[in-house]
Amino acid sequence: MTEYIYLIPILPLIGFLINGLALNRLPKSVVSAVACGSIGLSFVLSVILFFELKALEPSSRVIEQVLFPWISVGSFHVNFAFLLDPLSAIMILVVTGVGFLIHVYSVGYMSHDPGYSRYFAYLNLFTFSMLTLVLADNFLLMFVGWEGVGLCSYLLIGFWFEKKSASDAGKKAFIVNRIGDFGFLIGMFIVFWSVGSLNFNQVSSIAPTVFAFGGTLITAACLLLFVGAIGKSAQIPLYVWLPDAMEGPTPVSALIHAATMVTAGVYMIARTNVLFMLAPDALMVVAVIGAATALFAATIGLVQNDIKRVLAYSTVSQLGYMFLACGVASFSAGIFHLMTHAFFKALLFLGAGSVIHAMSNEQDMRKMGGLKKHLPITFMTFLIATLAISGIPGLSGFFSKDEILWKSFSSQSGHPIFWVIGFITAGLTAFYMFRLVYMTFYGQERMDEKTKSQLHESPKSMTIPLMVLALLAVVGGWVGMPHILGATNYFEDWLSPVFSHGEAVNTHALLSSTADSSMEWLLMFASVALVLVAIYLAYNFYLKKTSLSTAMKEKLSGVHKTLLNKYYVDEFYGAVIVRPIIYFSLFLWKIVDVLIIDGLINGSATVYNDISEFLRQGQSGRVRSYATIFTLGVVVLLAFFMTD
Amino acid sequence: MTVPIDAYLVVGAGLFGIGVIGVLVSRNLIILLMSVELMLNAANLALIAFSRALNLMDGHAFVFLVLTIAAAEASVGLAMVITLYRNHDTVNIDRFSILKW
């Protein structure tokens with residue numbers, strides 16, 4: 001079956017072509033069948049390939065499929081080739097699996113939208129690009145997928161483009177990502193310049209011989225690649241596009257801006273782990289940015305009132321966790337959290353979508369409340385996801401988050417400070433998530449009568465994906481249980497062949513500085529205790545004594561205002577970067593272009609026109625005057641030659 | 001008594017001058033063409049005179065060439081005059097300025 005790897009990305013592409021070219025001519029049932037069917041087939045194929053890969057020896061689990069030589073110029077050779085190894089196998093399972101559920105959910109969610117087939121065409125194109133990104137066996141093909149998902153993100157954020165805020169958000173996402181892509185490109189150039197190849201496996205084996213360990217060049221290359229990851233995965237300082245991306249349809253937020261695309265940066269770092277292991281300074285930067293983003297975004301999430309924005313900042317924060325894990329050289333923990341996060345965050349977004357659907361497109365949590373009895377299935381699944389993201393033991397989020405916290409504390413490249421930040425963030429996460437649950441599902445019903453009368457549980461096509469994802473959010477973490485619980489960490493073992501190259505070049509990066517299992521127990525209990533306290537606080541603030549939260553708000557009004565306005569980062573970027581660029585562009589347009597360049601061109605044309613007007617006077621069209629001038633000329637010439 | 005060559009040349013120059021003035025001042029295309037003929041024949045006269053004075057036959061050959069060209073020129077020119085007259089009902093050359101920009 002391994003010769004069919006190429007079908008996994010191609011199937012959604014076919015779906016895109018059918019739905020995209022037919023536009024609105026196909027009936028909705030055909031459109032949804034094509035869209036869901038193509039990605040469903042991809043998922044089935046991914047599962048089959050996963051088990052085929054599993055049947056192989058761990059050391060030989062690398063399958064490359066070269067479709068055709070793509071670019072071949074001088075010493076520059078790039079194949080159009082796919083790479084299936086344990087890492088990309090995990091990714092295609094997540095992308096096609098969660099993607100399939102979200103496609104099915106969209107059938108219900110978008111059923112009344114006039115742009116139905118356009119929506120599914122974009123969604124399939126996105127899936128194709130994302131699968132190309134994760135299956136690519138070289139940097140360049142990965143970059144194609146990277147740009148493809150960026151394009152689809154733009155198209156889907158601005159899906160309701162008649163709304164100005166939506167089209168603005170799309171542009172913002174695209175432009176901010178461009179900064180990151182620039183870094184990615186330059187990093188790619190450095191890698192090719194030094195290694196002479198863009199193939200991941202070749203780079204992994206050659207890089208340790210051409211780069212000095214910790215050298216400037218490799219550090220620069222890794223930092224530039226990381227800039228790409230920062231843009232795509234919404235880290236400080238380029239995270240600003242992700243909260244605005246919530247303008248898109250909610251399933252899009254679930255698929256692109258929570259489960260798959262934004263994790264591309266984490267995947268890219270895991271894929272190039274050898275390079276990052278060669279540059280400990282770059283790893284340190286990754287960890288610092290990740291930890292800072294995790295904390296920073298979580299604090300903003302505390303006070304937001306838009307249900308989707310809370311989840312958006314939560315996503316930024318959780319992505320910070322993943323980068324923290326990569327930064328302390330624990331790539332498998334990062335990918336593990338990527339996977340569990342894909343389950344519970346997709347579920348949270350889809351649950352929020354179900355709430356918004358029931359609330360007639362109201363997103364402000366202050367106008368919700370008491371939805372528990374109206375939307376029982378949504379409530380149950382949402383609660384499971386909330387418990388998972390908060391890190392309640394037994395659910396998926398607990399295992400992945402605990403592994404990251406422990407690795408950031410114990411590994412040689414980690415530091416207790418990272419643990420402290422991660423620990424605080426875990427508390428904040430539990431607090432803002434339960435704040436969301438209490439404000440939305442509990443307490444008094446604050447919506448108006450009309451909305452209240454129309455409250456309804458979502459159709460089956462929406463609730464079934466919720467239930468499947470809820471199951472995954474519970475059991476998804478069981479593959480990666482920590483050793484101290486006496487379990488086998490299957491997930492880490494599965495990925496270990498991919499990261500063995502990286503560990504070989506930097507042997508002590510991941511070594512535990514403390515092999516103390518009682519310490520691990522202690523830290524685990526500490527974080528669980530903090531989470532429980534945070535939940536209790538949220539319960540008191542937002543359900544039992546709502547007066548407490550108002551009092552708190554007034555007491556800390558300065559802090560509250562800063563958080564509500566997202567630390568004024570958008571305003572800061574607007575004043576420091578956007579406005580100067582706009583003014584500079586205006587200068588270039590009005591002064592340089594219109595006045596100088598156009599002036600020069602028009603001026604020279606005017607001069608020639610005037611000269612011609614003058615010369616034209618001589619061409620009267622009167623034969624006799626021509627003849628007179630001609631004769632005079634002859635006489636002058638004769639006189640000239642005869643006076644010799 | 002033989003006529004000195006100067007006399008021929010003076011007559012030729014006079015004819016040429018009349019021809020030039022005719023071309024410059026006349027408004028009638030037909031007169032203009034006739035003036036051109038006059039200039040050509042003035043040149044012929046000078047050629048013949050030199051030929052005779054120097055006792056060479058080259059001038060005669062030239063004259064025959066010039067006569068042939070003059071005949072061709074007259075036929076083309078007159079044909080054009082007729083066409084112009086048909087289209088514009090006039091042979092006044094000051095009216096023929098439509099090719100001007």
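Protein chains get the first letters and strands the later ones, always in sequence-line order, with residue 1 at the start of each.
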Task: Flag if over 12 foreign heavy atoms under 6.0 Å of CZ, A:R579 - done: no

Task: More than 12 heavy atoms of other groups within 6.0 Å of A:F184 CZ - done: yes

Open item on the list: Counting only non-hydrogen atoms closer than 4.5 Å, can you tell me which residues of residues 23-46 of chain B sit against chain A?
Closed with: B:V23, B:L24, B:V25, B:S26, B:R27

Open item on the list: How about CZ on A:R624, more than 12 heavy atoms from neighbouring residues, nucleotides or ligands closer than 6.0 Å, or not?
Closed with: yes

Task: More than 12 heavy atoms from other groups under 6.0 Å of CZ on A:F584 - done: no

TODO: Below 4.5 Å from any heavy atom of chain B, which atoms of A:T628 appear? Answer side chain, backbone, both or neither.
DONE: both

Task: Positions in residues 62-85 of chain B that reach chain A, provided some heavy atom is under 4.5 Å away - done: none

